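Taking it in order: structure first as structure tokens, then the write-up.
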Amino acid sequence: MTWWRRAFPLELAEEGHFSRREFARFLALVSAGFTTGIGFLWLRKAPLEGASDPEPGPVEHPVAVGMAADLKPGESRLFKFRDAHDACILLRTGKGELKAYRQICTHLGCAVRFKADRLECPCHLGFFETDRGFPVQGPPSRPLAAIALEERSDGSLWAVGELPKPTLEPPGQRAACPRDQAGQDPAEVKA
Amino acid sequence: MSASVRISPAALGVILVLLVIQLYLFETVLGAVLDGQRGVLPGAFGVSLALTGIALFLAFRSTVQHRRKD
């Protein structure tokens with residue numbers, strides 16, 4: 001009898017019912033569960049993020065998001081895209097470019113906001129650059145879902161579909177991700 | 001004298017290490033899939049299957065004999 005059993009003489013009726021062998025089998029079955037999970041991910045064809053992040057491509061019904069000239073550099077505007085719950089943000093960067101992103105942080109789904117030429121998630125202080133939506137600081141590791149915009153001849157602006165995720169683009173274009181350029185000279189990154 | 005068949009502590013330790021590797025592998029694969037890199041899935045599934053095979057073999061087959069007095 002071990003010293004601690006003598007020191008703490010508790011007698012449990014079931015104490016001997018879970019053997020080392022049973023514990024090992026339980027661990028092995030948990031291991032099999034992980035394998036099943038990876039197999040499920042392999043066989044699953046739909047995107048993992050579900051309906052909130054649909055496949056890239058045009059939508060049947062483009063959404064008008066106002067006049068392009070109304071938005072000054074540094075300003076943003078919220079709009080709904082696919083349905084009443086699909087919050088998106090339209091912004092004009094400091095360089096004058098119009099960009100639109102789904103307003104859902106890729107970390108834990110908080111609403112991002114446009115501040116100081118970056119998209120900021122206030123929940124955990126994650127930041128995204130506005131050029132392609134890549135995360136540049138904080139917990140998020142995936143880029144924001146981008147919305148395709150179309151400016152029509154009358155100056156109106158329309159959200160017309162989903163843009164493909166930047167990570168799916170050819171490797172030559174991925175160098176634009178600020179995290180890929182972390183080891184380079186900061187002056188080169190700005191250029 | 002009789003003999004009881006038990007799993008050895010070493011085998012149990014190996015199973016625990018395999019489970020930690022599985023956990024890390026699964027977390028890594030999940031992150032890769034969320035990043036759109038589905039190409040890692042076949043290889044990861046093969047590795048995970050091999051680890052599970054080893055764990056199951058150890059859990060069900062590994063033995064060490066202890067002699068004890070009746």
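None of the values given here were measured: they were computed from a predicted structure. Every chain is numbered from 1 and lettered A, B, ... according to where its sequence line falls, protein lines coming before strand lines.
Most heavy-atom pairs under 4.5 Å with chain A, from the set Leu23(B), Leu16(B), Leu18(B): that is Leu23(B). The greatest number of non-hydrogen atom pairs below 4.5 Å with chain A, out of Gly53(B), Ala59(B), Ala55(B), is found for Ala59(B). Among Leu25(B), Leu49(B), Val29(B), the residue making the largest number of heavy-atom pairs under 4.5 Å with chain A is Leu49(B). By number of non-hydrogen pairs under 4.5 angstrom with chain A, the leading residue of Val40(B), Leu58(B), Leu41(B) is Leu41(B). Of the residues considered (Leu27(A), Thr36(A), Val30(A)), Leu27(A) shows the highest number of contacts with chain B, using heavy-atom pairs under 4.5 Å.
Proximity to chain A (any heavy atom under 4.5 Å) is shown, for Leu56(B), by both the backbone and the side chain. Of the atoms belonging to Ile21(B), not a single heavy atom falls under 4.5 Å from chain A.
For Phe45(B), the ring-ring contact (aromatic ring centres under 6.0 Å, His included) partners at least two apart in sequence or on another chain are Trp42(A). Partners of Phe127(A) by ring-ring contact (aromatic ring centres under 6.0 Å, His included), not counting sequence neighbours: none found.
Using a 4.5 Å heavy-atom cutoff, the side chains of Phe128(A) and Thr106(A) are in contact. The side-chain heavy atoms of Leu125(A) and Gln137(A), taken from C-beta on, include no pair separated by under 4.5 Å. Inter-residue side-chain proximity for Leu91(A) and Leu119(A) is flagged as met; some heavy-atom pair is nearer than 4.5 Å.
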Step by step, would you call Thr130(A) with Thr93(A) a side chain to side chain donor-acceptor pair (under 3.5 Å)?
-> CA-CA 7 Å; Thr130(A) 53; Thr93(A) 66; 5.2 Å; no
